[in-house]
Structures are given as structure tokens and as C-alpha cells.
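All remarks here apply to the structure that follows.
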Amino acid sequence: MSTNTQNANTQNTTAEQPEVRKGLYGVVADYTSVSKVMPETNSLTYRGYAVQDLVENCSFEEVFYLLWNGELPTEAQLTEFNKAGRSYRKLDAGLISLIHSLPTDCHPMDVMRTSVSYMGTKDPEHFTPNREHITHVGHNLLAQLPMAMAMDIRRRKGEDIVAPDPEKGVAENLLAMVFGNGPDSPASNPEDVRDFEKSLILYAEHSFNASTFTSRVITSTRSDVYSAITGAIGALKGPLHGGANEFVMHTMLEVDDPAKAEEWVNKTLDNKDLIMGFGHRVYKNGDSRVPSMEQSFRALAERHDGAKWVAMYENLAAAMDKRTGIKPNLDFPAGPAYYLLGFPVDFFTPLFVIARVAGWTAHIVEQYENNSLIRPLSTYNGPEQRKVVPIAQRG
Ligand code: COA
């Protein structure tokens, strides 16, 4: 392994001991043809298409198809794909009863994780048998998870389920199941639907991030897709990964006054605390997805009286840049965008789950078809080998 990429995360390199890369910092673990992150040019492509290009020109379903199949669909292929996917949009009595049995104060990511685990118990295949099965599970998850999330939001407010509509796209259907079909629902505003859909495209895939890698590790043991996605959801929940979009909004609500943003940033950094929505393991000079998401956030703010949150966004980013030079990541504009659409703050990461099912399942196919068990080594730094002293003789 090259030593010119060593940094603070590389330890204990001697002639006798192998190099340790904490956090797998800078380690290249495998090949992938799903997406390419290029920090040097601050760009990201899905199957060779710039993400900004996809955001401007494609639906979420086209991007989902692209991630799975490697090519954008023709109109006929997309119609077939949507027909197949939407046929899975059936309310499941077992899932409804399970969700309603869960505590109303549990974290919504726990409901997502439990829902996927439950769906796995109903699948007759205990282990992934072939590629077609992964596609089947992907369609099932993309149909059922928006229903699970919408049901969870509504039961916490004492509201009835809104049934899925097979005529609607993923983004519009999700908004309708959460907010209903009334004139004030974002589902009834095509501009809101489109800005929301753009966020799903931006969240759909990002190479070997922690949750995708988790799904690949689980797949590498020849386990099943539901187990891989359950594990991925657990990884995504953490605030250093997907959970950051929720914590961004908690920050903005805590600061409350945009004029106090700089003081808050300085105080937080003085305390050596992290500020969520900033920094990235791969991008060190800005996240390629931020400009597109920021555009949608600003458009939502114009339509939904969100000037305060735009000022908050700008002041926090300026203060962070002035003090550290660390740039926002995708979660920074996505958090307030979801807030303006009306989603409860702790449901922001479940939205990320729904989008990322596309990337996770594409990586699960790739891992499945070219598998090697993922099993790194470690350098032991515990006590030397010793003998057990019987309990009666231990002081
Ligand atoms: N707030 C404050 N300081 C930060 C920071 C943040 N959001 N992100 C990075 N830093 C600091 C680190 O603490 C480190 O400081 P040090 O050198 O004094 O120890 C320095 O910047 C370099 O960090 P780096 O090693 O490059 O970060 P990483 O690759 O280990 O971590 C993240 C990347 C994403 C985990 C990190 O930036 C973070 O925790 N961000 C907040 C959570 C978040 O938004 N996650 C979503 C990611 S898409």
C-alpha cells in the first residue's frame, strides 16, 4: 500500500507491522461501475452521467432504472419498469398492524429498519438465489417503504392511512400518502413534487459510503437482500452519515435567529463539537450535489415563506467557511428543504432510505455477481497471552 497517502488515520506502520487505516481511510476496497465520485473535479456520475444532468432531465424512476440496468430506459422500458414496480404498491395488513404496534416515540429509522426486517420474514427465499430476486426485493422495498413511512407519520398524528396510487410517480405518491391530496398538500403542487423528486435523485447513490459498504459486507456472506438493507439502514441512521440531515434542522431550529449563526458556530467549534451538514470523507472542497439541492431549497423557500431558513443557511455556511474552510454536504440544503415541504424533522433520514434503496440494491447486485467475502484484518494491541487464574485465587 502506498505511503504517500498516509495521514493521521494511518498508524503503527513499521517493517514488522502492517499499515492500519482507521476508518478504512483512503482504502480502495473493490471495483464498482455504479457511480464515480471525483473529488478533484468536484463531480459525481451515476453510470457515467453527471448527477446534475440527471437531476435536470430525468425522473427518479429513470435514475432507479439506470442504476440497476446501466443504461437509461426507453419510453417502453420505463413504462414496463413502472408497471412492474407499482404492482407492489399494495397495503399489507401485517405491516400495518406491526407499525401500529410500535412505540409512537421510537425513532422513525427504527420503524424503517423493523419494516424491512419484517418484509424479509415473509420472503420464501432465505438466501439470495439470483439477480432477479434482488430486483424483485428492490421493487418491493420501493413500493412498501414509502407506505411504511407515511403510515408512521400519520399514526403519530392520529391520522388515517392514505392508500397508494398506482398512477402516480414515486415522489408524488409518497407526498400524497404523507400529506393527502388536498389543495394545500405538496402532492398537489407540481413544483414541490419536482423539487422533492430532485432530492431523491441526489440521495439515490454515492459509491462506497458507510451504508452501501455495510450492505455489500452483508451480501458478501451470501446472506439475503432484506438483511443487507436492514444493516444499511442501521448504518445510515447515524448522524455522521444519513442522520445528519435531521441534525442540520435541529441546529437551525436551535439557533433560531440567523443573526446568531456565527456566534453559535464559534461556540460549537470552541467546544470541539461537530457541526452537522458540513464536511465529507471524500470531498474536501465541497460536495458536488450541493448546488442542485441548494437550488431546490431556495425555490421551496420562495414558495413557502422560507426566507428565514435561507438566511440561516447562508449565515451558518459563511461562518463555518470563515472559521474552518469546511464546506456543506448534501444534508445541509436537504434538511431545510424537507422542513419546508412539511416533513417532521425525525423523518428526514427515512426519506434518504427510500432514495438510497436504488443505490443499495444496485451495489447488492454488483457484489452478488462478483463476490468475495469482505473480511479485513486487524493489528492486535491488547495484553500479551496469559493464563487463566481460577476465580477463587483472583484478588
Ligand atoms: N464540524 C466540525 N469539524 C469538522 C467537521 C464538522 N462537520 N467535519 C470535519 N471536521 C474536522 C474534523 O474534526 C477534523 O479536525 P481535526 O483535524 O482537528 O481532528 C478535520 O475537520 C478533518 O476531518 P476529516 O478527517 O477530513 O473528516 P472525516 O473524513 O473523518 O469525517 C465526516 C467526515 C463526514 C464524518 C465529518 O466531516 C463529519 O462528522 N461531518 C458532520 C456529519 C455530517 O454532516 N455527515 C454527513 C456526511 S455526507
Side-chain angles (χ1 to χ4, degrees), residues 5-11 20-29 35 37-40 42-44 51 109 199-214 232-252 254-255 261-294 297 312-313 315-339 345-346 348-353 355-356 359-360:
T5 50
Q6 279 186 29
N7 53 36
N9 292 300
T10 306
Q11 298 172 358
V20 173
R21 296 281 186 106
K22 272 186 83 68
L24 301 183
Y25 211 106
V27 171
V28 178
S35 67
V37 182
M38 292 158 279
E40 58 291 347
N42 194 20
S43 45
L44 165 67
V51 73
M109 283 294 276
S199 80
L200 298 181
I201 295 171
L202 291 165
Y203 266 138
E205 160 60 12
H206 211 219
S207 78
F208 275 36
N209 56 84
S211 58
T212 301
F213 193 62
T214 303
I233 291 174
L236 193 75
K237 182 185 177 189
L240 296 193
H241 189 10
N245 62 7
E246 170 186 339
F247 282 88
V248 163
M249 202 61 223
H250 287 311
T251 295
M252 292 188 174
E254 183 190 325
V255 178
E262 183 164 5
E263 183 192 335
W264 187 91
V265 165
N266 286 328
K267 193 177 80 201
T268 306
L269 294 175
D270 288 345
N271 288 339
K272 306 258 175 264
D273 286 334
L274 290 168
I275 299 182
M276 297 302 155
F278 288 89
H280 198 274
R281 172 57 63 86
V282 183
Y283 299 115
K284 296 300 177 197
N285 195 28
D287 179 330
S288 62
R289 302 162 295 178
V290 165
S292 303
M293 192 64 236
E294 182 179 315
F297 161 53
M312 182 69 79
Y313 177 93
N315 292 0
L316 284 170
M320 189 68 173
D321 194 33
K322 187 169 154 192
R323 171 88 181 247
T324 66
I326 300 175
K327 306 279 187 282
N329 57 53
L330 172 60
D331 297 314
F332 193 58
Y338 289 159
Y339 186 76
V345 176
D346 50 1
F348 293 1
T349 319
L351 292 169
F352 190 162
V353 168
R356 190 55 66 84
W360 286 334

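Numbers here simply count residues along the sequence, with the first being 1. Keep in mind it's a predicted model, so treat the numbers as computed, not measured. For ligands, and for the atoms within them, numbers begin at 1 and follow the listed sequence.
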* Any idea which part of Ile326 is under 4.0 Å from ligand 1, heavy-atom wise: side chain, backbone, both or neither? -> side chain

* Is there any N or O on Met320 that sits under 3.5 Å from an N or O of ligand 1? -> no

* Against heavy atoms of Gly277, which atoms of ligand 1 measure under 4.0 Å? -> 43 (C), 44 (O)

* Should the pair Phe213 and Phe208 be assigned to parallel (<30°), tilted (30 to 60°) or perpendicular (>60°) ring geometry? -> tilted

* Does Leu330 approach ligand 1 within less than 4.0 angstrom via side chain, backbone, both or neither, non-hydrogen atoms only? -> neither

* Could you tell me whether Tyr339 atom OH has more than 12 heavy atoms of other residues or ligands within 6.0 Å of it? => no

* Asked: Any N/O of Met276 closer than 3.5 Å to an N/O of ligand 1?
  -> no

* Structure fact -> If we number the atoms of ligand 1 from 1 as shown, the ones under 4.0 Å from a heavy atom of Ile275 are 1 (N), 2 (C), 6 (C), 7 (N), 41 (C)

* Do side-chain atoms of Glu263 reach the backbone of Val265 as a donor and acceptor pair under 3.5 angstrom? -> no

* Asked: Is it the side chain, the backbone, both or neither of Tyr25 that has a heavy atom closer than 4.0 Å to ligand 1?
  -> side chain

* Asked: Can an N or O of Asp331 be found at a distance shorter than 3.5 Å from an N or O of ligand 1?
  -> no

* Can you sort out which atoms of ligand 1 are near Leu269, meaning under 4.0 Å from one of its heavy atoms? => 2 (C)

* Asked: Nearest to atom 38 (C) of ligand 1 by heavy atom, Phe247, Phe332, Phe278: which?
  -> Phe278

* Asked: Hey, is Leu274 touching ligand 1 through its side chain, its backbone, both or neither, going by heavy atoms under 4.0 Å?
  -> both

* Asked: Minimum heavy-atom separation for Ser288 to Ser43, with atom names?
  -> CB-CA, 3.8 Å

* Asked: Should the pair Phe352 and Tyr203 be assigned to parallel (<30°), tilted (30 to 60°) or perpendicular (>60°) ring geometry?
  -> parallel

* Could you see which bit of His241 sits under 4.0 Å from ligand 1, with heavy atoms only: side chain, backbone, both or neither? => backbone

* To do: Answer yes or no: does an N/O atom from Ala244 fall short of 3.5 Å to an N/O atom of ligand 1?
  => no

* Exam field: side chain Asn245 to backbone Gly335, donor-acceptor pair closer than 3.5 Å -> no

* Got an N/O contact under 3.5 Å between Lys284 and ligand 1? -> yes

* Verify the neighbour count for atom NZ of Lys322: are there more than 12 heavy atoms of other residues, nucleotides or ligands below 6.0 Å? => no

* Check the angle between the aromatic planes of Phe247 and His250 and answer parallel, tilted or perpendicular using the 30° and 60° thresholds. => perpendicular

* To do: May I ask you to list the atoms of ligand 1 that are less than 4.0 angstrom from any heavy atom of Pro239?
  => 42 (C), 43 (C), 45 (N)

* Between Asp273 and ligand 1, does any nitrogen or oxygen pair lie at a separation below 3.5 Å? -> no

* Asked: Between Lys327 (side chain) and Gly325 (backbone), is there a donor-acceptor pair under 3.5 Å?
  -> yes

* Return yes if some donor-acceptor pair links the side-chain N/O of His241 with the main-chain N/O of Ser211 below 3.5 Å, else return no. => yes

